[in-house]
Number of protein chains: 4
Amino acid sequence: MSADPGVPARTTRGERTAARLRAAARAVFADRGYAAARVEDVVAEAGVSHGTFYTYFENKAGALDALIDETAGQLQAVVDEPWEGTDVLTTIAAVIDRFVDVFSQHGDVVRTWLEASAHDQHFRDRLREVRTGYVERVAQNLGPALDSTPHDPQVAAAALVAMVEGYATQGMTSDDEEQRASVVRTLASIWFGGLLRLMDPSTS
Amino acid sequence: MSADPGVPARTTRGERTAARLRAAARAVFADRGYAAARVEDVVAEAGVSHGTFYTYFENKAGALDALIDETAGQLQAVVDEPWEGTDVLTTIAAVIDRFVDVFSQHGDVVRTWLEASAHDQHFRDRLREVRTGYVERVAQNLGPALDSTPHDPQVAAAALVAMVEGYATQGMTSDDEEQRASVVRTLASIWFGGLLRLMDPSTS
Amino acid sequence: MSADPGVPARTTRGERTAARLRAAARAVFADRGYAAARVEDVVAEAGVSHGTFYTYFENKAGALDALIDETAGQLQAVVDEPWEGTDVLTTIAAVIDRFVDVFSQHGDVVRTWLEASAHDQHFRDRLREVRTGYVERVAQNLGPALDSTPHDPQVAAAALVAMVEGYATQGMTSDDEEQRASVVRTLASIWFGGLLRLMDPSTS
Amino acid sequence: MSADPGVPARTTRGERTAARLRAAARAVFADRGYAAARVEDVVAEAGVSHGTFYTYFENKAGALDALIDETAGQLQAVVDEPWEGTDVLTTIAAVIDRFVDVFSQHGDVVRTWLEASAHDQHFRDRLREVRTGYVERVAQNLGPALDSTPHDPQVAAAALVAMVEGYATQGMTSDDEEQRASVVRTLASIWFGGLLRLMDPSTS
DNA sequence: CATGAATGAGCTTTCATTCAT
DNA sequence: AATGAATGAAAGCTCATTCAT
């Protein structure tokens with residue numbers, strides 16, 4: 001801020017423009033949906049010209065790809081961080097908490113991504129890849145406990161993840177910190193209880 | 001406009017054409033997605049002319065609306081039928097089974113609906129309305145058991161429904177009867193175990 | 001009315017349908033204009049089916065042609081009837097009165113006709129033909145008086161006719177009998193005074 | 001929508017294109033009529049692409065609106081300029097001369113305008129507004145002379161204006177300067193004589 | 001005579017993308 | 001780096017007209 005004036009800005013003009021465009025694309029996609037969003041809307045929001053958009057992205061899909069790059073990493077990180085906690089419930093709550101956290105920051109991108117997947121093979125592929133990644137990781141952590149049961153860890157993991165993803169993408173997580181914590185607790189309890197039940201041989 | 005799309009088909013010939021168009025629209029939307037689907041694709045699939053499409057639907061959205069009319073009723077029926085069974089687990093399994101059943105028949109329409117919701121307020125409204133309807137009904141059936149716990153029945157119901165909806169919407173493409181039954185069993189166990197856990201005061 | 005029941009109706013079913021269609025076409029053309037009027041509107045107004053329209057008219061233009069047939073005769077009759085009166089002013093007033101009378105009954109058709117003329121050669125031709133017809137007749141009646149003046153009887157006739165036609169087609173003639181008579185008096189005075197002036201050599 | 005058709009042409013290149021489009025629209029409307037004119041005809045005439053048309057006009061009606069903007073001002077100016085002359089006849093002749101002059105330049109737009117009025121409320125409204133404007137002005141200038149007569153200045157003004165407008169709109173295609181002057185003289189004489197006659201109490 | 005479902009040419013309009021400046 | 005005028009391929013949608021019933 002008050003740093004050496006002789007040093008060039010840490011963010012060049014180009015970088016700032018690119019950042020403005022990404023933010024604008026994100027806002028416009030969230031607001032109108034990917035299909036209905038026009039490049040015109042994005043550049044208007046960013047306050048740049050039409051041509052500039054194409055200096056930074058190959059096309060409209062390229063802008064979404066850039067947003068997905070950021071988001072995908074965050075999502076994978078949620079499940080890649082060590083599953084540590086004093087007990088299983090606490091561990092699960094921590095994972096879900098991180099998940100909800102990422103969604104509260106990147107839910108708009110995920111929703112756009114889901115929409116685009118419906119009519120664009122490329123985004124469908126990226127989605128499957130990322131989903132497979134974190135469902136796989138969840139299954140790895142749940143798996144051992146289900147070894148001797150008839151339940152497929154992949155199915156269980158996919159179901160539990162779908163629950164969190166569905167809950168979060170439907171925009172049901174509020175900004176109220178209190179309420180968010182309560183939701184996380186409920187979701188974690190369902191995961192935990194569901195897992196215990198799965199492990200109970202009488203249900204097989 | 002030339003014919004009122006709300007009151008089509010005064011003859012059986014007309015009804016046959018309308019049915020062909022609905023089936024075609026459904027297939028095309030499922031195949032290419034709503035945004036990418038062209039009216040031309042639909043009429044080609046249905047084997048009728050361009051103009052005929054507009055005899056039966058006001059526009060592309062009208063065709064999806066017609067499909068949603070059918071699907072929404074089925075979805076609500078799943079939870080409106082009596083929740084009866086020899087025990088809770090069986091009851092829940094029956095509901096989930098009906099849910100999965102409806103999705104295996106109407107999943108394509110739901111996926112289209114979800115996509116369209118992203119950029120069309122009208123479909124977003126219809127989705128919210130229908131979802132609220134069946135989540136409400138699930139909450140009514142789960143509610144009493146959670147009365148003395150800190151868990152909100154609406155949140156629990158929404159989460160459990162999101163799990164089934166998410167799972168069914170994403171994968172669930174297998175026609176293998178065996179595997180489907182296994183998935184239903186796993187999902188039901190998670191619901192049941194999750195609910196037991198929610199009812200356990202030690203989790204509050 | 002109470003005539004011999006053995007005798008077939010003086011208006012056959014077909015004639016009645018044709019009359020209903022003409023009336024409907026006239027009303028719809030007047031209401032929406034020729035270009036914006038749809039055959040659909042006409043048949044709806046007439047209470048018949050699409051196909052029936054084409055039993056009675058070759059196409060949309062044919063319907064207007066049928067209306068023009070009636071109107072053109074009336075217009076020509078206005079100037080073809082003997083120009084008789086106690087004096088010139090009375091004579092002119094009588095002609096203008098007949099003119100205004102025909103317009104109050106057929107003005108809607110004329111307006112449609114004028115509109116269609118703008119983009120359809122056929123109606124332009126019919127209009128020129130009819131206009132030439134009655135301007136010619138007016139010129140014949142005014143002509144002798146202007147023989148020794150520099151004024152072209154055709155120009156004078158066209159101008160005076162344009163005045164009445166313009167005034168009438170602009171929908172300025174009210175239904176109030178009192179007011180209509182007053183307008184006719186004013187128009188007749190202008191014709192008369194205008195002609196006197198034209199005959200005055202000092203204006204040449 | 002991509003550009004605000006109300007604020008086009010930020011550059012001279014843009015202004016040239018807009019002017020070419022206006023000229024092309026005017027020519028095409030005059031040639032084929034408003035209803036039959038296609039945007040494709042206009043852009044072909046202007047030598048630009050389809051999309052460019054929509055950069056400058058909201059739609060076909062917008063193009064006509066732009067032409068009317070120019071024309072309406074000219075028409076009003078005809079009667080707003082001071083009614084000065086050595087005598088009444090000269091004054092009237094000057095006004096009519098200006099009127100005929102404007103029509104020889106803008107008659108094509110007026111004819112298109114009249115046609116469009118028949119099926120488009122917007123143009124009907126604009127026409128009524130402009131006509132009321134200049135008829136009012138004419139009435140103001142004629143009015144005093146008719147004060148003590150039973151003739152309504154509005155009616156007289158409307159009739160005289162209708163005469164010039166009708167004559168100019170219909171024929172008046174001659175480029176012959178000689179003939180144009182002769183027509184103006186005849187029209188002026190009719191106005192003048194008509195007015196004198198109106199002022200003569202014996203006609204009331 | 002009458003019907004109305006079906007046709008399809010034709011027109012308007014949109015918007016991602018390019019490129020001369 | 002940035003601009004914005006221009007492009008043109010695509011759709012969407014309309015409606016006069018036909019024809020099997």
Side-chain angles (χ1 to χ4, degrees), chain A residues 12-14 16-18 35-43 47-63, chain B residues 1-3 8-18 35-41 43 47-62, chain C residues 12-14 16-18 35-43 47-63, chain D residues 1-3 8-18 35-43 47-61:
Chain A
T12 64
R13 173 142 76 120
R16 265 176 294 137
T17 305
R38 297 171 305 159
V39 172
E40 156 92 24
D41 300 324
V42 175
V43 300
V48 301
S49 81
H50 246 165
T52 301
F53 181 91
Y54 289 90
T55 328
Y56 291 97
F57 307 114
E58 200 182 337
N59 48 33
K60 187 166 115 169
Chain B
M1 301 270 173
S2 52
R10 259 166 288 200
T11 68
T12 36
R13 181 188 176 200
E15 184 43 49
R16 267 206 317 280
T17 305
R38 297 168 305 158
V39 171
E40 180 178 323
D41 300 324
V43 301
V48 301
S49 80
H50 224 133
T52 300
F53 181 91
Y54 291 93
T55 308
Y56 292 97
F57 308 114
E58 203 180 330
N59 50 33
K60 192 164 89 163
Chain C
T12 64
R13 175 144 74 121
R16 264 176 295 138
T17 304
R38 296 171 305 160
V39 172
E40 156 93 25
D41 300 325
V42 175
V43 300
V48 301
S49 79
H50 247 167
T52 301
F53 181 92
Y54 289 91
T55 326
Y56 292 96
F57 307 115
E58 199 182 339
N59 48 34
K60 188 166 117 170
Chain D
M1 301 271 178
S2 50
R10 258 165 288 199
T11 69
T12 36
R13 181 187 175 201
E15 184 42 51
R16 269 206 314 282
T17 306
R38 296 169 304 158
V39 172
E40 181 177 322
D41 299 326
V42 175
V43 299
V48 301
S49 82
H50 228 135
T52 299
F53 181 90
Y54 291 93
T55 307
Y56 293 96
F57 309 113
E58 202 180 331
N59 48 35
K60 192 165 89 164

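Model, not experiment: these values are computed from the prediction.
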Query - Gap between atoms OH and C1', on Y56(D) and dT12(E) respectively (whole Å) - result: 20 Å
Report task. May I ask you to evaluate whether T17(A) reaches the phosphate of dA1(F), defined as a side-chain N or O under 4.0 Å from OP1 or OP2? Result -> no
Query - Nearest heavy atoms of H50(D) and V43(D), plus distance in Å - result: CA-CG1, 4.1 Å
Query raised in the report: E15(D) CD to dG4(F) C1': how many Å, rounded?
Result: 16 Å
Under 3.5 Å, which protein N or O atoms sit close to an N or O of nucleotides 17-21 of chain E? Give each pair with its distance.
| unit_1 | atom_1 | unit_2 | atom_2 | d |
| --- | --- | --- | --- | --- |
| dT17(E) | OP2 | Y54(A) | OH | 3.0 |
| dT17(E) | OP2 | K60(A) | N | 3.2 |
| dT17(E) | O4 | H50(A) | ND1 | 3.2 |

**Report entry** Pairwise 5' ranking along DNA chain E for A35(D) and V48(C), keeping only the more 5' one
**Finding:** V48(C)
Report task. Only counting residues at least two apart or in another chain, list the ones meeting side chain to side chain donor-acceptor pair (under 3.5 Å) with T55(C). Result -> none
Query - Nearest-nucleotide comparison on DNA chain F, the residue closer to the 5′ end among A37(B) and S49(D) - result: S49(D)
Requested in this report: Return the minimal non-hydrogen interatomic distance between Y54(B) and N59(B), and the atom names on each side.
Outcome: CE2-CA, 3.9 Å
Report summary line: Here DNA chain E, pairs taken as Watson-Crick or G-U under 3.5 Å and shown with ( ), [ ] when crossing and | when to another strand, reads .||||||||||||||||||||
Query raised in the report: For T52(C), what residues pass the side chain to side chain donor-acceptor pair (under 3.5 Å) criterion, not counting sequence neighbours?
Result: S49(C)
Query raised in the report: Mind checking what makes side chain to side chain contact (heavy atoms under 4.5 Å, CB included) contact with A35(A), not counting sequence neighbours?
Result: E115(A), H119(A), A35(B), H119(B)
Query raised in the report: By ring-ring contact (aromatic ring centres under 6.0 Å, His included), which residues pair with F57(A), not counting sequence neighbours?
Result: F53(A)
